[in-house]
Amino acid sequence: MDTKELLARRLIAQALAPTDARPAPTTLAEAARYMVATQGQNYAGGLTGLAIRAGQDAAPTGKNTSELDAAMADYEVIRTWSQRGTLHFLHRDDLWVALLCGHRSVAGNIDRLATASGITTDEYHSIQQATFDACPQLTDRASLRSVTAHLPQSSAVTSHHLRRLGASGQIIQGPKAGQHDTFIQTKVALPQELEQAQQRNKDDATTELAQRYFSTRGPATIEDFCWWSSLPKGTSLKATEQLAADGKLLRTDIGNQPHYMAPWQADVTGKELTAARRLTFHLPPFDEYFIAYKNRDVLFAPGVDPLTVMTKNGISWPFTVAGGAITSRA
């Protein structure tokens, strides 16, 4: 498989290019469910990425359409720190992803974190509990800062605790109140989904996540999956190789490196691959077509500097994809 085919198959896997080999999402909720977890550090950008995959006419914008907000309003689509310490959009049924992966990215010595905030370890835990207790209904960040208002780093401490609570599945974000993020206890917003997530077998969850990642991002490597999910390589490789042995994933070696993709990729026609390469997309910052892979060199057209899409300090820009390759900022 050459680079052109690899990129065409990724466009199709990511529901950017059409195929008769798999169902296509038609709503934001369906797109969120299909993509499993979509980076949402940029609120409007993440939802725009889902809208594009649902076949809706959308472009990167700082404004939120009523339909985008509606998907968040009833918690059909949620936003939380599910992976890499970064906000993602998930379908409500995939809350379990946050419980599986989230805690791996918020590690840190509590004593040291407390000292850096000018508080004791006991105060640290008390403030985190108070932050959680303040979210029995949708509450904005400004209101939550009252919990830490007595601290010199009030804003940073509040953000830190929200990230930890989200990564552990205890809170989620709701729709924005104007331009302000809102937060609510998961047990209030999604009691059934939380209970189911807590009961899931870890190995089964890892296997499902691997299957769905490679089905929606493949062809991709184990290293790509481990970077995206934050899961350890040993268990990820074991799950993925078993999926391939069971025929639930296809393995193909590209440049002597194993890549995995969905079995339905075998039914993608040459005509569909050609059609995918002829499409042009304008994708939002942090879009999954870029951010979902550890090795991104193959994504760029010759001569294009990757720093035009995301800087070394993590600032991302909208970008254009033509022929499957990233050609410029959008």
Side-chain angles (χ1 to χ4, degrees), residues 28-29 32 37-47 50 62 64 66 68-108 110 113-114 117 119 123-151 153-198 286:
L28 282 173
T38 300
Q39 183 152 328
Q41 180 175 344
N42 181 298
Y43 181 91
L47 290 178
L50 291 176
N64 306 314
S66 58
L68 300 188
D69 285 332
M72 296 283 291
D74 60 3
Y75 307 116
E76 192 169 18
V77 176
I78 62 173
R79 186 183 187 220
T80 194
W81 290 269
S82 59
Q83 297 132 269
R84 308 190 303 278
T86 299
L87 286 161
H88 284 72
F89 289 103
L90 299 86
H91 189 274
R92 62 189 296 157
D93 292 342
D94 292 324
L95 174 66
W96 57 269
V97 176
L99 276 70
L100 176 67
C101 304
H103 68 96
R104 299 185 59 83
S105 301
V106 291
I110 299 299
L113 292 170
S117 301
I119 56 179
E123 287 174 324
Y124 176 95
H125 289 297
S126 295
I127 291 170
Q128 181 166 294
Q129 184 63 49
T131 302
F132 173 77
D133 291 342
C135 301
Q137 57 191 9
L138 285 174
T139 307
D140 64 26
R141 191 183 297 267
S143 299
L144 291 174
R145 285 188 185 132
S146 63
V147 176
T148 58
H150 61 291
L151 299 175
Q153 303 179 54
S154 174
S155 179
V157 173
T158 298
S159 296
H160 172 80
H161 283 301
L162 288 171
R163 185 179 297 107
R164 277 190 170 267
L165 289 166
S168 62
Q170 296 182 69
I171 64 168
I172 60 171
Q173 288 194 16
K176 287 204 171 190
Q179 293 301 310
H180 300 288
D181 294 333
T182 62
F183 307 86
I184 188 170
Q185 294 173 8
T186 311
K187 66 180 183 180
V188 173
L190 301 173
Q192 182 176 345
E193 290 80 2
L194 178 60
E195 181 179 0
Q196 292 172 344
Q198 292 170 333
F286 301 108

Closest non-hydrogen atom pair, Ile184 against Ala189
CG2-CB, 3.8 Å
Taking Gln128 for the side chain and Leu165 for the main chain, is one N or O donor matched with an acceptor at less than 3.5 Å?
no
Working to the nearest 0.5 angstrom, can you tell me the gap between Thr38 OG1 and Arg79 CZ?
12.5 Å
Starting at CD1 of Ile127, measure out to CD of Gln129 and round the result to the nearest 0.5 Å.
12.0 Å
Rounded distance [0.5 Å steps], CD1 in Ile78 versus CD1 in Ile171
11.5 Å
Answer whether the closest heavy-atom distance between the side chains of Trp81 and Gln173 falls below 4.5 Å.
yes
What verdict does the side-chain contact (heavy atoms from CB on, under 4.5 Å) test give for Leu95 and Leu90, after you've listed the backbone C-alpha separation in whole Å, the side-chain angles of each residue and the deciding distance to 0.1 Å?
CA-CA 7 Å; Leu95 174 66; Leu90 299 86; over 6 Å; no
Does any part of the side chain of Lys176, heavy atoms only, come nearer than 4.5 Å to the side chain of Asp181, both counted from C-beta?
yes
What distance do Phe286 atom CZ and Gln41 atom CD have between them, rounded to the nearest 0.5 Å?
4.0 Å
Check: Thr131 and Leu162 side chains under 4.5 Å, non-hydrogen atoms
yes
Could you tell me which non-hydrogen atom of His88 sits nearest to which non-hydrogen atom of Ser82, and how far apart they are?
CB-OG, 3.3 Å
Sidechain-backbone polar pair: Arg163 side chain, Leu87 backbone, donor-acceptor under 3.5 Å:
no
Tell me the closest heavy-atom pair linking Ala134 and Leu144, and the distance in Å.
CB-CD2, 3.5 Å
If I compare all heavy atoms of Ser159 with all of Arg141, which pair ends up nearest, and what's the gap?
OG-NH1, 3.1 Å
For Gln170, does its backbone N or O pair with a side-chain atom of Thr186 as donor and acceptor, under 3.5 Å?
yes
What are the two closest heavy atoms between Leu138 and Gly174, and how far apart are they?
CD2-CA, 4.0 Å
Kindly indicate whether the side chain of Cys135, heavy atoms from C-beta on, has any atom under 4.5 Å from the side chain of Gln185.
yes
Would you please classify the geometry between the Tyr124 ring and the His161 ring as parallel, tilted or perpendicular, with 30° and 60° separating the classes?
tilted
Find the distance between CZ (Phe89) and OG1 (Thr80) and round it off to the nearest 0.5 Å.
11.0 Å
Glu76, Gln192, Glu193 screened by side chain to side chain donor-acceptor pair (under 3.5 Å) with Arg92, the one that passes:
Glu193
Is there a side-chain contact between Gln198 and Leu99 (heavy atoms, below 4.5 Å)?
yes
Correct closest heavy-atom pair for Ile172 and Tyr75 would be CD1-CD2, 4.0 Å
